[in-house]
Asks: 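To start, I am sharing the structure in question, which I have written as structure tokens.
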Amino acid sequence: MSVITRFAPSPTGFLHIGGARTALFNWLFAKHHGGEMLLRIEDTDRARSTDAAVTAIHEGLLWLGLDWQGDPISQFARADRHAEVANQLLADGNAYKCYCTPAELAEMRETARAEGRSTRYDGRWRDRDPAEAPSDALPVIRLKAPQSGATTVNDLVQGPVTVQNSEMDDMVLLRADGTPTYMLAVVVDDHDMAVSHVIRGDDHLTNAVRQRQIYDLMGWDAPIFAHIPLIHGADGAKLSKRHGALGVEAYAEMGILPSALRNYLLRLGWSHGDEEIIDTDQAIAWFDLDAVGKSAARFDIPRLESLNSHYIRTMDAGELCTLLAAQLAQVANRDLTETELARLPLALDALKERAKTLVELADKAGFLLDTRPLAMEEKAAGLLTGDAPALLSRAHGVLSAVEDWNVEVLTEAIRNLAEAEDLKLGKLAQPLRAALTGRNASPGIFDVLFFLGQKECLDRIADHMA
RNA sequence: GUCCCCAUCGUCUAGUGGCCUAGGACGCUGGCCUCUCACGCCGGAAACAGGGGUUCGACUCCCCUUGGGGACGCCA
């Protein structure tokens, strides 16, 4: 059997982190089994669906490196087919028309709740004579679900899940205005799209059981279900928009790499022994649903950042350089000069092991831009008091005399000066660092001198000499 | 409230009856390295929710309790 999965978000907002993980699992599962992932936009709620959200979802998926087969399918566009199935169910006696008004249903639920009974629809039109139908009301079509026995879904992640049919009411298939409900639409679409595995959040677990009833009544084979646990916020509560359920683009803005987010999301709820660093090729080779955990996982930013720093350190230098240049230009709000651009590759190795995100990388690389006089951080300014200016003057003299500006020569020059002044290296390095970077922490001082070049170094030192 | 699902360090997890004195990773923390900050290296604290069974033997199997989560719409 060929594997066909699908990612089916509703376009009511950006691609949030939970959706991204669902998409990743669908994508990995399909890739692992040599199948394909389809994309279906569940846009039947016309009031809440927007084109902007559809675009955001596409972009989010692409940014994450997840692709899908063929054109995205609009669920809304398939309304006629959904109605066709509902009518077939009706014709076969597996569905019926219900003339209850919303007000009547609300009253029914209210009464039931007040009496401590279940608020499920009581099936009052199930066996009622259609002749009693009011002429002024349009009916909804409800599924004539089995009332005895039980329905079981053999979930690949959760195991067998059984619900007594008496616990489920007759769900609405077609609304009074003739449009399909989500329950009907999903089943029809998954069937028509030949989806073999439905992998989605476990908030749909009970829906799966109800959907199973539609499959059964239509005489269709149900797909294999796999309901993956939801992601929770750091406090253990459901991840909501108020609480950190950011769109993937928010992570991009935080300077998170797609490769890191993929690795992080993969390990959230799935594992392969003690493996932590798993790149995408390895993930495709290893991924399967049997290793997906059953409990909800909390979203943990420090872990994501740790993974991100790993991917920053190991990614292709040229690509990282491009990303850094873009980030720097964005922060500075201008294009970088040739001179500045030329410093980037020199400093990259030293910088990248000090940054957890691209944003942090650009921040630490800020001193590479020509912006004299340099902004001084408070702690850096503190390093430039007392003897520092005089010391910098002597350093300026020594450095002016350097003819071959390379790390080796610079190391020797500075060490010799410290020795001559009878100072520990740190006493000389710190004022220099402050003058050169405006900070009290940076890559090694000899490297910093080298990255900046002789002229820029002398100018910056001169700004703080006695 | 009813139904469904879940339960190992703070967090993500390994563990499928004896390999567990419960392993790894992030985070936290002590030290080394050192011109600062990082990186790296060495070390530490830190968990089987509770109670009953089953068994020669339970983190692993069963039951109950507790705790979490989810679903109960003419939303998706």
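When reading the values below, keep in mind they use all heavy atoms of this one structure, side chains included, and skip hydrogens, waters and symmetry mates. To find a chain, count down the sequence lines: A is the first, B the second, and so on, and within it residues start at 1. Note that the structure is a prediction, hence the values are computed from the model and not measured.
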Asks: Which is true for A:Ala297 with a 4.0 Å heavy-atom rule: it touches a base, it touches only sugar-phosphate, or it touches nothing?
Replies: sugar-phosphate
Asks: So, is A:Arg267 close to the B:G24 phosphate, meaning a side-chain N or O under 4.0 Å from OP1 or OP2?
Replies: no
Asks: Assign A:His227 to base, sugar-phosphate, or nothing according to its heavy-atom contacts below 4.0 angstrom with the strands shown.
Replies: nothing
Asks: For A:Arg433 and A:Gln430, test the side chains for any donor-to-acceptor distance below 3.5 angstrom and give the result as yes or no.
Replies: yes
Asks: State whether a side-chain donor-acceptor pair under 3.5 Å links A:Thr357 with A:Asn308.
Replies: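 Per modelled atom types, A:Thr357 and A:Asn308 side chains form no pair under 3.5 Å.
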Asks: Keeping the roles fixed (side chain from A:Arg343, backbone from A:Leu368), state whether a donor-acceptor pair exists under 3.5 Å.
Replies: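 Yes, the answer is positive, given that a donor and an acceptor are paired below the 3.5 Å cut-off.
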Asks: Look at the side chain of A:Asp43 and the base of B:A76, then say whether one donor and one acceptor between them are separated by less than 3.5 Å.
Replies: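 No.
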Asks: B:G40 phosphate, OP1 or OP2: any side-chain N/O from A:Arg313 under 4.0 angstrom?
Replies: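 Indeed, a polar side-chain atom of A:Arg313 lies that close.
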Asks: Taking only the side-chain nitrogens and oxygens of A:Lys294, find out if one of them lies under 4.0 Å from OP1 or OP2 of B:C5.
Replies: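 Negative; the distance criterion is not met.
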Asks: Check every strand shown and say whether A:Glu276 touches a base, only sugar-phosphate, or nothing at a heavy-atom separation below 4.0 Å.
Replies: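 If one applies the 4.0 Å heavy-atom cut-off, A:Glu276 turns out to touch a base.
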Asks: At 4.0 Å (heavy atoms only), tell me whether A:Val140 reaches a base, stays on the sugar-phosphate, or touches nothing.
Replies: base
Asks: Using a heavy-atom cut-off of 4.0 Å across all strands, would you classify A:Arg142 as base, sugar-phosphate, or nothing?
Replies: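 Counting heavy atoms under 4.0 Å across all strands, the contact made by A:Arg142 is with sugar-phosphate only.
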Asks: Looking for any heavy atom pair under 4.0 Å, which part of the strands does A:Gly201 touch: base, sugar-phosphate only, or nothing?
Replies: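 Since no nucleic acid heavy atom lies under 4.0 Å of A:Gly201, the category is nothing.
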Asks: For A:Pro229, which contact category applies under a 4.0 Å heavy-atom criterion: base, sugar-phosphate, or nothing?
Replies: nothing
Asks: The criterion is salt bridge (Lys or Arg N to Asp or Glu O under 4.0 Å); which residues satisfy it with A:Glu84, sequence neighbours excluded?
Replies: A:Arg81
Asks: Quiz question: by atom type and distance under 3.5 Å, do the side chains of A:Thr437 and A:Ser442 form a donor-acceptor pair?
Replies: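 Result is no, nothing qualifies.
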Asks: Indicate, with a heavy-atom threshold strictly under 4.0 Å, whether A:Thr162 touches base, sugar-phosphate, or nothing.
Replies: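 Sugar-phosphate: the residue A:Thr162, judged by heavy atoms under 4.0 Å, touches backbone atoms but no base.
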Asks: Any base atoms under 4.0 Å from A:Pro302, or only sugar-phosphate, or nothing? Heavy atoms, all strands.
Replies: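 Sugar-phosphate, backbone atoms only, no base.
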Asks: As a test of reading the structure: which of B:C26, B:A71, B:C75 is closest to the side chain of A:Arg48, going by heavy atoms?
Replies: B:C75
Asks: Would you classify A:Cys98 as touching base, sugar-phosphate or nothing, given that sugar-phosphate means primed atoms plus P, OP1 and OP2, and contacts are heavy atoms under 4.0 Å?
Replies: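 Touches nothing.
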Asks: Going by modelled atom types, is there a donor-acceptor pair between the base of B:C72 and the side chain of A:Arg120 at under 3.5 Å?
Replies: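 Side chain to base: no pair present.
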Asks: So which nucleotide does B:G1 pair with, by the Watson-Crick or G-U wobble rule with both distances under 3.5 Å?
Replies: B:C72
Asks: According to a strict under-4.0 Å criterion, is A:Arg109 in side-chain N/O contact with OP1 or OP2 of B:G73?
Replies: yes
Asks: Please determine whether a side-chain nitrogen or oxygen atom of A:Ser442 lies at a distance below 4.0 Å from atom OP1 or OP2 of B:U36.
Replies: no
Asks: Please evaluate the base of B:G70 for a donor-acceptor partner in the side chain of A:Asp202 within a cut-off of under 3.5 Å?
Replies: no
Asks: Taking CG from A:Leu266 and C1' from B:U13, how many angstroms apart are they, rounded to a whole number?
Replies: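 After rounding, the reported distance stands at 12 Å.
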Asks: Report the base-pairing partner of B:C20 (Watson-Crick or G-U wobble, both distances below 3.5 angstrom), or none.
Replies: none
Asks: How would you label the contact of A:Ile445 with the nucleic acid (heavy atoms, under 4.0 Å): base, sugar-phosphate, or nothing?
Replies: base
Asks: Would you indicate what A:Phe446 reaches in the nucleic acid, counting non-hydrogen atoms under 4.0 angstrom: base, sugar-phosphate, or nothing?
Replies: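 It contacts base atoms.
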Asks: So, is A:Arg212 close to the B:C4 phosphate, meaning a side-chain N or O under 4.0 Å from OP1 or OP2?
Replies: no
Asks: Please report the distance separating the C1' of B:U54 from the corresponding atom of B:C64, rounded so that it comes out in whole Å.
Replies: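 Taking atom C1' in both B:U54 and B:C64, they lie 15 Å apart.
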Asks: Can A:Ser309 and A:Arg313 be counted as having a side-chain donor-acceptor contact under 3.5 angstrom?
Replies: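 Yes, because at least one side-chain N or O of A:Ser309 sits under 3.5 Å from a partner of the opposite role on A:Arg313.
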